[in-house]
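Encoded as structure tokens, the structure appears first; notes follow it.
Values in this document were obtained by computation on a predicted structure and should not be read as measured data.
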Amino acid sequence: MTGTIVEVGRLDILDQKPAIFKQIQRQESAGEVVEDGDGDGDGDGEIEDVEEDTPAPTMEEDIEVDDKLELLKEHKEVKMTKVSSADEFKAQGDGKMEEKKMNGCDVTKGKWVYDESYPLYTNGSCPFIDEGFNCGTNGRQDRDYMKWKWQPQDCDFPRFNAAKMLDLISGKRLVFVGDSINRNQWESMLCMLMSAVKDPKKVYETHGRRITKEKGNYSFKFVDYKCTIEYYVSHFLVHESKARIRQKRRPTLRIDAIDHGSSKWKGADILVFNTAHWWSHFKTKAGLVPLSNCGSSSLVMINYYQEGNQVHPKLDVSTAFRKALMTWAGWVDRHINPRKTRVFFRNLAPSHFRGGLWNSGGHCMEATWPLNDTSGMEYPEKNRIVEEVILQMKTPVTLLNVTGLSAYRIDGHPSIYGKNPGTRYSSNIQDCSHWCLPGVPDTWNEILFFHLQSKENSKYHSKIRL
């Protein structure tokens with residue numbers, strides 16, 4: 001049965017691909033993931049240490065310092081000006097995009113503009129930013145990364161209106177499910193909504209939890225609006241399990257079974273899913289788990305992907321990712337009532353490591369300005385798989401396609417400012433995967449707000465013939 005993808009936008013693939021996008025694609029395949037223990041404390045130290053063989057993007061791909069200063073001067077005078085633009089692109093392969101527009105526009109096509117009225121909140125005004133995303137408090141001095149607004153080229157993109165958003169979700173549950181990048185977006189949403197709350201004491205976590213990287217599940221109640229903004233950690237959307245291998249129980253990923261926390265997702269009025277960040281782990285990419293061999297320094301490789309009682313000797317990560325997404329899609333079709341619940345899926349948000357991997361000198365600290373030009377990019381394979389799976393669903397799913405617009409924002413990552421100055425990461429280990437708040441995830445939520453104001457799922461839609 002065919003489904004519908006709402007608002008699928010892509011950037012045109014050009015013959016010449018800049019180094020930054022070749023690098024992003026290679027990072028996805030090489031396992032460049034910075035984990036921060038998001039959920040149950042099992043997120044560290046399982047990433048392949050691969051030597052970087054991709055040259056860092058040249059400085060010509062950025063705005064030169066003198067040009068930047070001159071451009072900033074122009075910004076101060078005219079308040080807003082064009083810096084980066086994105087063209088629509090189509091995925092290579094068997095799928096063809098045939099876009100139909102009835103009203104509105106494709107919000108994935110546009111440009112970043114410098115806007116003095118941003119950000120929509122500050123580190124001081126929002127108490128919900130956890131340490132890993134609180135770059136300003138952690139010592140980052142530049143502030144330009146907070147000042148960018150995404151402007152679609154064919155329509156007026158409404159500024160986020162916290163009061164209107166709260167009215168839209170009054171009496172409802174807005175639930176984010178996914179990895180730490182989705183926690184990034186969820187914290188952003190909490191901060192954006194707080195600007196319309198008259199009494200901050202009437203917003204609280206229902207279990208009394210303080211937001212940290214070590215805890216996975218949260219539900220914040222907005223008393224005056226009788227709504228909750230919730231986050232549930234699920235790295236893969238399917239079940240992280242164990243199986244008996246070589247007389248011992250070893251970790252596996254049950255790609256045929258939904259995450260056991262899925263019962264908490266039921267009954268939500270708005271669901272925002274994601275998965276991609278953890279699929280670049282070594283064990284996920286290779287389909288094997290490295291284990292110490294009887295205390296020696298050598299490693300024993302065991303199988304990782306599991307279906308039923310079968311643990312695959314080895315399974316290609318793209319095949320496993322597709323199977324896991326089909327498991328998720330089946331759960332949504334069985335358990336979600338589209339007359340009650342609006343379902344969103346946010347696709348991949350690119351990393352920007354230069355000169356190495358996250359644990360081998362990869363960095364982004366020097367970037368304080370968006371990339372000026374990207375020209376073209378390879379559409380990530382994971383995005384294509386997500387789209388293909390969604391189109392087989394009977395439940396309408398709105399795709400939040402943030403890959404292209406986020407790819408410009410090399411300036412938006414925590415880099416060394418993911419820790420406070422007293423406990424800062426070594427300068428050799430930088431976070432170029434997650435995002436500072438305020439920052440890029442605020443734009444993702446503006447796009448979510450844009451879609452929620454549409455009363456019909458079919459208002460902006462695209463069909464892909466597979």
Side-chain angles (χ1 to χ4, degrees), residues 33 35-44 46 173-183 185-186 205-207 209 211-220 228-245 248-281 283-284 287 289 302-312 315 317 319-337 340-341 343-346 382 386 389-390 393 395 397:
V33 178
E35 278 312 329
D36 57 1
D38 59 333
D40 304 326
D42 60 351
D44 295 323
E46 297 180 344
R173 293 177 61 205
L174 169 55
V175 174
F176 292 82
V177 179
D179 55 33
S180 54
I181 309 296
N182 238 24
R183 191 181 78 245
Q185 185 176 357
W186 168 76
E205 208 286 318
T206 56
H207 300 95
R209 294 174 178 170
I211 299 176
T212 70
K213 293 186 290 185
E214 285 72 34
K215 301 294 183 181
N217 301 329
Y218 299 94
S219 176
F220 274 81
T228 55
I229 315 297
E230 305 169 38
Y231 166 71
Y232 298 99
V233 63
S234 181
H235 308 132
F236 304 100
L237 302 180
V238 290
H239 181 50
E240 296 177 76
S241 183
K242 288 187 177 181
R244 187 169 295 280
I245 302 173
K248 292 186 178 182
R249 290 181 62 79
R250 305 297 192 191
T252 62
L253 188 64
R254 282 288 305 273
I255 54 179
D256 62 337
I258 198 69
D259 190 305
H260 283 186
S262 60
S263 60
K264 299 181 178 68
W265 317 340
K266 294 180 181 179
D269 299 276
I270 303 163
L271 277 165
V272 182
F273 291 99
N274 96 299
T275 186
H277 194 48
W278 282 57
W279 287 90
S280 293
H281 274 203
K283 66 182 181 183
T284 341
V289 180
I302 68 167
N303 310 311
Y304 184 57
Y305 294 120
Q306 180 180 358
E307 290 184 274
N309 293 324
Q310 178 188 8
V311 179
H312 292 281
L315 190 64
V317 65
T319 301
F321 184 75
R322 184 183 298 274
K323 286 175 176 287
L325 261 292
M326 291 176 68
T327 298
W328 163 81
W331 181 89
V332 170
D333 281 344
R334 287 192 302 273
H335 296 284
I336 298 301
N337 179 358
K340 169 183 169 57
T341 303
V343 181
F344 294 84
F345 196 103
R346 181 183 52 73
K382 290 185 179 70
V386 167
V389 169
I390 287 175
M393 299 172 66
T395 306
V397 175

Check your understanding: Where does the angle between the aromatic ring planes of Phe321 and Trp279 fall among parallel (under 30°), tilted (30 to 60°) and perpendicular (over 60°)?
Key ->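 Phe321 vs Trp279 ring planes: perpendicular.
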Practice item. Can you label the angle between the Phe273 ring and the Trp265 ring as parallel, tilted or perpendicular, going by 30° and 60°? Key: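 Ring orientation, 0 to 90° scale: perpendicular.
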Within this structure, what is the [atom1]-[atom2] distance for the pair [X] and [Y], rounded to the nearest 0.5 Å?
X      : Y      : atom1 : atom2 : result
Arg244 : Arg250 : CZ    : CZ    : 10.5 Å
Ser219 : Lys264 : OG    : NZ    : 11.5 Å
Gln185 : Phe344 : CD    : CZ    : 10.0 Å
Glu307 : Lys323 : CD    : NZ    : 4.0 Å

Measure from the side-chain N and O atoms of [X] to the backbone N and O of [Y], and report whether any donor-acceptor pair falls under 3.5 Å.
X      : Y      : answer
Arg173 : Lys266 : yes
Asn274 : Asp179 : yes
Gln306 : Gly308 : yes
Thr341 : Ala268 : yes
Tyr218 : Ile229 : no
Ser234 : Val177 : no
Glu205 : His207 : yes

Residue pair [X] / [Y], side-chain heavy-atom distance below 4.5 Å:
X      : Y      : value
Leu315 : Tyr304 : no
Phe345 : Val389 : no
Leu325 : Arg322 : no
Trp328 : Val332 : yes
Asn182 : Thr275 : no
Val233 : Asn217 : yes

Exercise for review: Report the C-alpha distance between Arg346 and Ile181 in whole Å, list the side-chain angles of each, state the deciding distance to 0.1 Å, and finish with yes or no for side-chain contact (heavy atoms from CB on, under 4.5 Å).
Suggested key: CA-CA 10 Å; Arg346 181 183 52 73; Ile181 309 296; 3.4 Å; yes
Exercise for review: Verify the neighbour count for atom CG of Asn337: are there more than 12 heavy atoms of other residues, nucleotides or ligands below 6.0 Å?
Suggested key: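 Check passes, neighbour count above 12.
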Exercise for review: Start with the C-alpha distance between Ile258 and His239, add both sets of side-chain angles, then the distance that settles side-chain contact (heavy atoms from CB on, under 4.5 Å), and finish with yes or no.
Suggested key: CA-CA 5 Å; Ile258 198 69; His239 181 50; over 6 Å; no
For [X] and [Y], which heavy atoms make the closest approach, and how far apart are they?
X      : Y      : answer
Ile255 : Ala320 : CG2-O, 4.0 Å
Ser180 : His277 : OG-CD2, 3.6 Å
Lys242 : Thr252 : N-OG1, 3.7 Å

Point to revise | Working for side-chain contact (heavy atoms from CB on, under 4.5 Å), residues Tyr305 and Val317 | key: CA-CA 9 Å; Tyr305 294 120; Val317 65; 3.7 Å; yes
Review point. Regarding Asp256 and Thr327, is there a side-chain donor-to-acceptor distance under 3.5 Å anywhere?
Key: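 Note: Asp256 and Thr327 side chains miss the donor-acceptor criterion.
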Exercise for review: Might you work through the side-chain contact (heavy atoms from CB on, under 4.5 Å) test for Asp259 and Leu237, ending with a clear yes or no?
Suggested key: CA-CA 5 Å; Asp259 190 305; Leu237 302 180; 5.8 Å; no
